[in-house]
Protein chains: 2
Amino acid sequence: MRPMRHVSYDGTKGCYVEAALDAISDKWKGVILYHLLDGPKRFNQLKRTFPELSQRILTRQLRELEGDGVINRKVYPEIPPKVEYSLTDLGELLKPTLESLEDWGLKCVEVTKRSKIVSEKAVEQ
Amino acid sequence: MRPMRHVSYDGTKGCYVEAALDAISDKWKGVILYHLLDGPKRFNQLKRTFPELSQRILTRQLRELEGDGVINRKVYPEIPPKVEYSLTDLGELLKPTLESLEDWGLKCVEVTKRSKIVSEKAVEQ
DNA sequence: CCGAATCCAAGAGGATACTG
DNA sequence: CAGTATCCTCTTGGATTCGG
């Protein structure tokens, strides 16, 4: 399990920002959550969505999200097995936050791209 | 420099969420940014704010944020040296996002705390 | 005061193979 | 189908020391 970064979140300024990032900022968690906003997804469905993501890591990220109360893991006792992941209430509350991150991420990419073009032009001269 | 996690952010669903998290999700960046919302801060001011944060790491996080166009680094040619960090326009745009993260972080901590109490009560019985 | 340089430990992510 | 189990690499964060 991912270690707690601090003993507790004590109300210090900005510490809840940290708590939030702790829960959602691992390499794949953001995108996983984003995809779950659509509705529940099966394990293999997620796996196919991110071909570069190994099965082991996907499992771990999902378990951590479950441990943080952000997603639910529902096992259907069938053969072959079926496991469905969905957002908890807490997870649903993330929607506006994720959208806000998405908006800003877009701007961020645009700015980076622009400055890259500028520096390339500078090289040309 | 922190490696790009993907070759490019190509508009794939949720990828801008990832771009945003890439830029702000390192261990201390969230809180650093949060503190800069107040206004510019000197290096040592930030250092004192986070006593557990080593100088080396603080420097690196600040440089990465600068590289991503989120903060400005202004050096005053004085003795002793003075360096001030402030948000760029892009950084200022983060404000609602950080507040959203903070809101959700608070809820997250509450939920975790509650479930911890519940499980402790279960142990008592 | 604001770093850079060096060295270190831990862990996160990943490739691959196996299983109920 | 949905995972474990190993093993490996590379990145991160951190302590410490030195420098302009």
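Just so it is clear, the model here is predicted, and its values are computed rather than measured. Note on naming: letters A, B, ... go to the chains in the order of the sequence lines (proteins, then strands), and numbering restarts at 1 for each one.
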Given A/Leu65, which of A/Ile71, A/Asp26, A/Asn72, A/Leu36 fulfils the side-chain contact (heavy atoms from CB on, under 4.5 Å) condition? A/Ile71
Considering just the side-chain nitrogens and oxygens of B/Arg63, establish if one lies under 4.0 Å of OP1 or OP2 belonging to C/dA4. yes
Ignoring backbone atoms, test whether A/Arg56 places a side-chain nitrogen or oxygen under 4.0 Å from the OP1 or OP2 oxygen of C/dG13. no
Without decimals, in angstroms, what is the distance between A/Arg60 CZ and D/dA2 C1'? 17 Å
From CD1 (B/Ile32) to CD (B/Glu64), nearest 0.5 Å: 10.0 Å
May I ask you to evaluate whether B/Gln61 reaches the phosphate of D/dG13, defined as a side-chain N or O under 4.0 Å from OP1 or OP2? yes
Can you name the closest pair of heavy atoms from B/Thr97 and B/Leu93 and give their distance? OG1-O, 4.3 Å
Rounded to the nearest angstrom, tell me the gap between atom CG in B/Asp22 and atom C1' in D/dT12. 14 Å
Please pick, from C/dA15, C/dA4, D/dT4, the nucleotide with the shortest atom-to-atom distance to any side-chain atom of A/Ser54. C/dA15
Which part of the nucleic acid, if any, lies within reach of A/Arg42 when heavy atoms closer than 4.0 Å are counted: base, sugar-phosphate only, or nothing? sugar-phosphate
Nearest-Å distance for atom pair CD/C1', residues A/Glu64 and C/dG11: 11 Å
Numerically ordered, the residues 71-85 of chain A set in heavy-atom contact under 4.0 Å with DNA chain D is A/Arg73, A/Pro80, A/Pro81, A/Lys82, A/Val83, A/Tyr85
In whole Å, what is the span from the CZ atom of A/Phe43 to the P atom of D/dC1? 11 Å
d(A/Lys29 NZ, A/Leu62 CG) to nearest 0.5 Å is 9.5 Å
Do any side-chain nitrogens or oxygens of B/Lys27 fall under 4.0 Å of OP1 or OP2 in D/dG14? yes
Is B/Gln45 touching bases, backbone alone, or none of the nucleic acid, heavy atoms closer than 4.0 Å? nothing
Measure from NZ on B/Lys41 to P on C/dC1 and round the result to the nearest Å. 18 Å
Which ring pair (Phe, Tyr, Trp, His ring centres under 6.0 Å) pairs, counting each pair once, include a residue from residues 31-58 of chain B, with sequence neighbours left out? B/Trp28-B/Phe50, B/His35-B/Phe50
Using atom CG of A/Asp26 as one end and atom P of D/dG13 as the other, report the distance to the nearest whole Å. 12 Å
Can we say B/Glu18 and A/Lys27 salt-bridge, meaning some charged N sits less than 4.0 Å from an Asp/Glu carboxylate O? no
In whole angstrom, what separates B/Ile57's CD1 from C/dT6's P? 16 Å
Which atom pairs, donor and acceptor, lie under 3.5 Å between side-chain atoms of residues 80-91 of chain A and protein residues at least two apart or in another chain?
residue: A/Glu84; atom: OE1; partner: A/Tyr76; partner atom: OH; Å: 3.1
residue: A/Tyr85; atom: OH; partner: A/Arg73; partner atom: NE; Å: 3.2
residue: A/Thr88; atom: OG1; partner: A/Gly69; partner atom: O; Å: 2.6
residue: A/Thr88; atom: OG1; partner: A/Val70; partner atom: O; Å: 3.0
residue: A/Thr88; atom: OG1; partner: A/Leu90; partner atom: N; Å: 3.3
residue: A/Thr88; atom: OG1; partner: A/Gly91; partner atom: N; Å: 3.1

Length of the CG-C1' vector between B/Leu58 and D/dA15, whole Å: 15 Å
